[in-house]
Amino acid sequence: MTADAIITDTGTMLVAGVPIVNPSTVVVWEVTPGLGSNPQAMVKMSTGIGVPPSLNPPSWAGFAPLAAYLFSWQDYPCTEGKNIQSQIDKETIEAILLQCSPVSNFSAYVSPEAAAQSAATTTWASGVSAVAFDPSRGGSVLAVAIVEGQYMSPHNPDEGPSLTGWRVQRWESSRQQVALHPLFENSNTNFGGQAPMTTIWTTKVNKSISPIKDFKGSRPLATPGNLSASQTSVDSNGGNSDKFNSDLANQHSDVRMLAKIVFSSHGGEVAFAFRYGDVHLFSGSSFNLIDYYCATVGVSVALPAFSSTSCCLASVWHDNSKDCTVLKILRILPPASQSSQGKGNAAAWERAIADRFWWGLSVGVDWWDAVGCAQSAAEDDIGFG
C-alpha cells in the first residue's frame, strides 16, 4: 500500500494511504495512543499496579497526546524497567500500542470521459500510484499520482494490461458542517450544541501527462511544445498513438509501485517520478511545470532528491546501455531550460534565491545550493552582477 505520514501543527499524526482492495480511494487516518484488543492489557489496567505508559498514555501540559505517550514509553524502561519481574511485563513494555482511526477519504477515480477515452471502454481503469502530504500545509494538502490505462485490450484480451499516461492532482481539505435530517437535529446536544463537522477534500489541480518515451525508451511521445499543452485536465494527445504496453503480467502489477512523489522541504516545489524514468518538476500551488527529463532506468522509477533549500533537483542512476553511473542536476532557480526568459526577469530570480538563502538560515539548513545557483545563473548572464 502506498502511504505518507505527517505531524500536524497540533502534534497529531495523520497517515494517508490507498487501501489494497480499492486502488482509487485515498483514506486519511489519525494515529493515537490506544490499548487495542490485547486482553492482558485490560487485566493490567484493572489492577493498576506497575502499569507501563504503553497501557496508560499520560497527559502532559504542552505536549500532544501522541508525543507525550512516545516520550513516556521511551523513558519508562530507564526509570522503572529495573523492577520488571516477568517476561510478560517485558513484552508489554516493548510493545507500542497505537490506534489508527479513519477521519476522511476521497475518490481519485478518473472516468474514461475525463481521460479522453470512450465511455464504452469497459476495460478502462485508473489507480492511485502515490500520495504525499505537502510539508508546509500541516496535513491539509495532498498530492496524488494516478496511472491511467486498460487492464486488458478491448480487442484482444490476451494482450494484457497497458498504460496510456499519468495524471497528477492536488487536493485540499476543509471542515464543513454536516447537514442533518430534521429527525436527528436534536442530536446536536451531543456535540455541545454545535452542528457536527466533517472533512471535505476538493480537487484544486488536475493535470494529465503523456509519457516522455515508451517503455523501451525508443520512441519519444512528448516534446517540450506539446508537453506544456498537455498540462490540462484532459490530455490533448491521449490517443492510441501515445499508448505504451507495460507487460505488467511479467513485471510489478501493483499500480502503487509505478510512481513516487517528492516534495521540497518548504513545499514550494514537487517532483513526480514515474515508471520508465519520467520525472516532472512542478512549482507552486498550481503545479506550474518547471522542467522534465527521462532517466534510462528501464522499468524502474528514478527517484529524485531536492537540495537543502530546494534550489536544485538531482537524480542518480546506472545506465546499463553505457555501463556507467549518471548524475543529473537540475537548477530550479532560475530553471536552466528557461534561461532566455530569465534574463528579462533577473530581479525576480535574485529575490527568489535570496529568499531561499534566508529561509535556510532561519531553519538551520545548509544554503550551499543557493550560492551555487546564484553563481550558475550569473554564468548564464541572468543578473546577479
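Predicted model only: the values in this text are computed from it and were never measured. Just so you know, these numbers use all the heavy atoms, side chains as well, and skip hydrogens, waters and symmetry mates.
- V371 meets the side chain to side chain contact (heavy atoms under 4.5 Å, CB included) test with W367; sequence neighbours excluded.
- Panel note: side chain D4, backbone F133; a donor-acceptor pair is recorded below 3.5 Å.
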Carefully, step by step, assess S265 and W359 under the rule side chain to side chain contact (heavy atoms under 4.5 Å, CB included).
CA-CA 11 Å; S265 54; W359 178 84; 3.0 Å; yes
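- S286 and N288 share no donor-acceptor pair across their side chains, judged by distance under 3.5 Å alone.
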Residues V365, T309; criterion side chain to side chain contact (heavy atoms under 4.5 Å, CB included); working and verdict:
CA-CA 7 Å; V365 300; T309 66; 4.2 Å; yes
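- Taking each heavy atom of S264 and P135 in turn, the nearest pair found is O-CG, 3.4 Å.
- Within the 4.5 Å cutoff, the side chain of I200 has heavy atoms near those of the Q176 side chain.
- Note on V297 and V301: separate hydrophobic clusters, where clusters join Ile, Leu, Val, Met, Phe, Trp and Tyr whose side-chain heavy atoms are under 4.5 Å apart, directly or indirectly.
- In this pair, W171 and F106 present their aromatic rings parallel. The plane angle is below 30°, not in the 30 to 60° band.
- T8 places a side-chain heavy atom less than 4.5 Å from the side chain of L14.
- To the nearest 0.5 Å, atom SG of residue C100 and atom CE of residue M13 are 7.5 Å apart.
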Full working for side chain to side chain contact (heavy atoms under 4.5 Å, CB included) between R167 and E148
CA-CA 7 Å; R167 187 173 295 267; E148 301 176 351; 2.4 Å; yes
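- Here the side chains of R331 and L333 are not in contact, with every heavy-atom distance at 4.5 Å or above.
- Note on ring orientation: taking the six-membered ring where Trp is involved, the planes of F272 and F282 are perpendicular (angle over 60°, cut-offs 30° and 60°).
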Derivation of the side chain to side chain donor-acceptor pair (under 3.5 Å) call for D319 and T296:
CA-CA 6 Å; D319 190 335; T296 54; 3.1 Å; yes
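- Side-chain atoms of S24 never come within 3.5 Å of backbone atoms of V128 as a donor-acceptor pair (strictly under, hydrogens ignored).
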Tell me, with the steps shown, if W201 and S104 meet side chain to side chain donor-acceptor pair (under 3.5 Å).
CA-CA 8 Å; W201 289 89; S104 62; 2.9 Å; yes
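- At distances below 3.5 Å, not a single donor-acceptor pair connects side-chain atoms of S315 with backbone N or O atoms of K328.
- W368 contributes atom CH2, which lies 8.0 Å from atom SG of C373 (distance to the nearest 0.5 angstrom).
- Going from atom CD1 of I290 over to atom CD1 of I332 covers 5.5 Å, rounded to the nearest 0.5 Å.
- Nearest approach of V26 to A16, heavy atoms of both residues: CG1-CB, 4.4 Å.
- In this structure, CZ on F263 lies 11.5 Å from OG on S310, to the nearest 0.5 angstrom.
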Mind running side chain to side chain contact (heavy atoms under 4.5 Å, CB included) on H280 and I209 for me, showing each step along the way?
CA-CA 9 Å; H280 294 258; I209 300 177; 3.4 Å; yes
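- Only one option out of N206, V205, V131, L142 pairs with Q169 in a side chain to side chain contact (heavy atoms under 4.5 Å, CB included); it is N206.
- Between F63 and F71, the two ring planes are perpendicular [angle over 60°; tilted spans 30° to 60°].
- When atom types are taken as modelled, the side chain of S308 and the backbone of D366 share a donor-acceptor pair closer than 3.5 angstrom.
- The hydrophobic clustering, which links ILVMFWY residues whose side-chain heavy atoms are closer than 4.5 Å, places Y292 and F274 together.
- One distance of note links NZ of K204 with CD of E172; it measures 5.5 Å at 0.5 Å rounding.
- The cluster map of Ile, Leu, Val, Met, Phe, Trp and Tyr, joined by side-chain heavy atoms under 4.5 Å apart, puts L330 and V262 in the same cluster.
- Atom CG of L66 is separated from atom CD of E30 by 9.0 Å, given to the nearest 0.5 angstrom.
- Of the possible polar contacts, none joining the S129 side chain to the V147 backbone as a donor-acceptor pair under 3.5 Å is found.
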Show your working on salt bridge (Lys or Arg N to Asp or Glu O under 4.0 Å) between E350 and R356 and close with a plain yes or no.
CA-CA 10 Å; E350 290 181 9; R356 297 293 174 89; over 6 Å; no
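- For the pair K260 (side chain) and R275 (backbone), a donor-acceptor distance under 3.5 Å is absent.
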